[in-house]
Amino acid sequence: MADIIKDEKFTADVLLNLLSETTDDYLYMWDIQNGTFYISDNAYEDLDISRLIEQDVVTSWSGIMVREDLEPWLKDMQMIQDGIKDYHDMEYRVCNKSGRVIWVSCRGTVKKDGSGRPLFMIGRISNIGKQNKFDNVTGLMNRSQFEQDIKALVGTETAANGVIVVLDIDDFKNVNEKYGYAFGDRALNLLSTLISAMLPKGCRLYRLDGDEFVFLVKDGTRETVRGIYENIQMFIGSHFTVEGHQILISLSAGACFFPDDASTYQKLFRNAENAVEIAKMNGKNQLVFFSEEMYQQKLRNMELRESLHACVKDGFSQFELFYQPQVDAVTGAVTGAEALLRWHSPEHGEVPPSEFIPLLEESRLITQVGAWVLEESARQFQIWSRYKEDFSMSVNVSYIQLKDNALLEYLKDGQWGDLPVGQMVLELTESCWVPNLHFLNQEFEELRGMGYGIAIDDFGTGYSSLSHLKELPANVLKVDRSFVTGIHQGSYEYIFLEYIIKLAHSIGLKVCVEGVETEEEFDIVKQTQPDYIQGYLFGRPVSASGFEKLYL
Ligand code: C2E
Ligand code: CA
Ligand code: CA
């Protein structure tokens, strides 16, 4: 090599251009001692440089560089000239001939003489803007650049701290479906501009995939992040029109702090993604901060879901129904039972229904499990109604079961022979009645037509549907436990109970008050004149055989 470039100018020039024919990179050679610089001709074609560069590379090259990137580059050049560094490896932005900013990666190796004096540097400059630094829909930097930037930040010893926030547009696929992908892209582009404008100075927005964005706030706190998120939410909520179409956009967000919640890029990113997922699961249009606890809960839910699938496949063997007595509020005599599902899991122990029922609902397994519950409770009911003619059996029914339409079909089949279905009460929680009142009314009208009893469960916890209480095709109102806890005469709970019970009776509904645990509570609840009581005071849920022994 040294021999070839002895006749410097001629050989170096020709050699660089020959080599450059095999690559898109710009090749260069810098004679550090003489100050002469050669670069392949393709650089003159693409970049705004003149032959002056051959005499003074530092000044010429500085002229096309983006200001912010200049200082570290100058420093590096100085260190090379001073013989402190013997390689160059940087990424920075330069302007091309048409005035567009492009990212380049510049690498070079320094050759020194015996005494450590730098003789020349030889290397190449690649245009990486053409590669994958930018997202071509929004012009934002992309995931790989985000990764690189975060790694550079969290990897340093200087204790950097901050927070990354992943934004995910809710239901963006609807926009694509309704208006087409080209429109969707333009919407994303506009959206990214709006979001960028809402970020604090120096805070850069990146596009991940699809409708996901991310930004980083150095030294950010929960308050700063919340403030930024709420601004974005407010702004796009009220301003978002694309090509004359007003589109409704909401964003879910997940945030993760470093180094507190994660100290590597992978973990940080995974955690923020997890937080977004939870924001979506909790109903979208919200910001969730990652926490280890939440993550563990998510992992547990995944495990529970798997076990539930296995259990259903295995013929429901881990499930059992417990029964809790319902008593006459005046005489205290047992009038019926509510069937309550129990899951004895070999892996997880006794998992409470409040934890596994929502998982069954999410995964729609509730349709199958619900059918099993109905069958099992009906079987039990058949036996017990022989002991006690007017015995009633209450069974919980999930909203999902109704939506899947399987329940109606199932009950219509009427395979229970002489079962007194009039004393079989289907319980549905109050909050389910409201949003789909019309649809549910039809379903329940039909069920009632078949003779089943209908109860509105957990009354008082939903959007108290007092106004349409009259329209609901129900026979029983079950008032939630929260109205009993802490009840005393003249309290809000007491007045609520008294009022609701009067109202219910006036339209022919029976009332069952749930959650009576103590004699004191019972004494007061009694005065509001409900029809039935269900609570620990009269009996906890027990197995079928336990129930028989105790109450029948
Ligand atoms: P729910 O329908 O309101 O059932 C009453 C819940 O209150 C039961 O909890 C019962 O054990 C509890 N409870 C009764 N009396 C008292 C009391 O005096 N004090 C206290 N602290 N609690 C009392 P459980 O068995 O844990 O069930 C929780 C919920 O799970 C049920 O609430 C119901 O919404 C759901 N669930 C249970 N089994 C089924 C089922 O087979 N299908 C469906 N879809 N949901 C079910
Ligand atoms: Ca219930
Ligand atoms: Ca209830």
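Start at 1 and go down the list; that is how both ligands and their atoms are numbered.
- With a heavy-atom cut-off of 4.0 Å, Leu341 touches ligand 1 through backbone and side chain alike.
- Qualifying side chain to side chain donor-acceptor pair (under 3.5 Å) partners for Gln489, counting only residues two or more places apart in sequence or in other chains: Gln527.
- In summary, Glu427 places an N/O/S atom under 3.0 Å from the Ca ion (ligand 2), meeting the contact criterion.
- Atoms CD and CD, on Glu514 and Gln326 in that order, are 8.0 Å from each other to the nearest 0.5 Å.
- For the ring pair (Phe, Tyr, Trp, His ring centres under 6.0 Å) condition, the pairs that include at least one residue of residues 510-544, sequence neighbours left out, are Phe522-Phe538.
- Using modelled atom types and a 3.5 Å distance limit, the side chains of Gln318 and Ser345 yield no donor-acceptor pair.
- Contact annotation: for Pro541 versus ligand 1, heavy atoms closer than 4.0 Å belong to the side chain alone.
- With rounding to the nearest 0.5 Å, the separation of OH in Tyr452 from CG in Asn475 is 13.5 Å.
- The closest side-chain donor-acceptor pair between Thr485 and Ser482, if any, does not fall under 3.5 angstrom.
- Residue Gly515 places a heavy atom less than 4.0 Å from ligand 1.
- Less than 4.0 angstrom separates some heavy atom of Val373 from each of these atoms of ligand 1: 41 (O).
- Residue contacts with ligand 1: Gln401 is placed with no nitrogen or oxygen under 3.5 Å of a nitrogen or oxygen of the ligand (distance criterion only).
- Every heavy atom of Glu361 sits 4.0 Å or more from the atoms of ligand 1.
- In this structure, a donor-acceptor pair under 3.5 Å is present between the side chains of Trp384 and Glu548.
- Proximity of Arg342 to ligand 1 is established by a heavy-atom distance of less than 4.0 Å.
- Ring geometry, Phe496 versus Phe483: the interplanar angle falls under 30°, so the pair is classed parallel (tilted spans 30 to 60°).
- With a 4.0 Å cut-off on non-hydrogen atoms, Asn396 touches ligand 1 through its backbone as well as its side chain.
- Near Ser398, with a cut-off below 4.0 Å to any heavy atom, the atoms of ligand 1 are 44 (N).
- For ligand 1, the atoms closer than 4.0 angstrom to any heavy atom of Gln324 are 10 (C), 14 (C), 15 (N).
- For Ser317 and Asp314, the side-chain atoms include at least one donor-acceptor pair closer than 3.5 Å.
- Per residue Glu338, closest N, O or S atom to the Ca ion (ligand 2): atom name OE2.
- For the 3.5 Å distance criterion, the side chains of Glu293 and Gln297 fail to qualify, holding no donor opposite an acceptor.
- Evaluated for a side chain to side chain contact (heavy atoms under 4.5 Å, CB included) with Leu321, the options Leu340, Val373, Val395 yield exactly one hit, Val373.
- Atom numbering of ligand 1 starts at 1 in the shown order; those under 4.0 Å from a heavy atom of Asp458 are 3 (O).
- Only side-chain heavy atoms of Asp457 come within less than 4.0 Å of ligand 1; its backbone N, CA, C and O stay farther off.
- Neither the backbone nor the side chain of Arg540 has any atom closer than 4.0 Å to an atom of ligand 1 (non-hydrogen atoms only).
- Only the backbone of Val516 comes within 4.0 Å of ligand 1, judged by heavy-atom distances.
- Among the backbone and side-chain atoms of Ser394, none of the N, O or S atoms lies under 3.0 Å from the Ca ion (ligand 2).
- The proximity of Glu514 to ligand 1, defined as any non-hydrogen pair under 4.0 Å, is limited to the side chain.
- Ring geometry for Phe269 versus Tyr265: interplanar angle under 30°, hence parallel rather than tilted (30 to 60°).
- Nearest N, O or S atom of Asp457 to the Ca ion (ligand 2): atom OD2.
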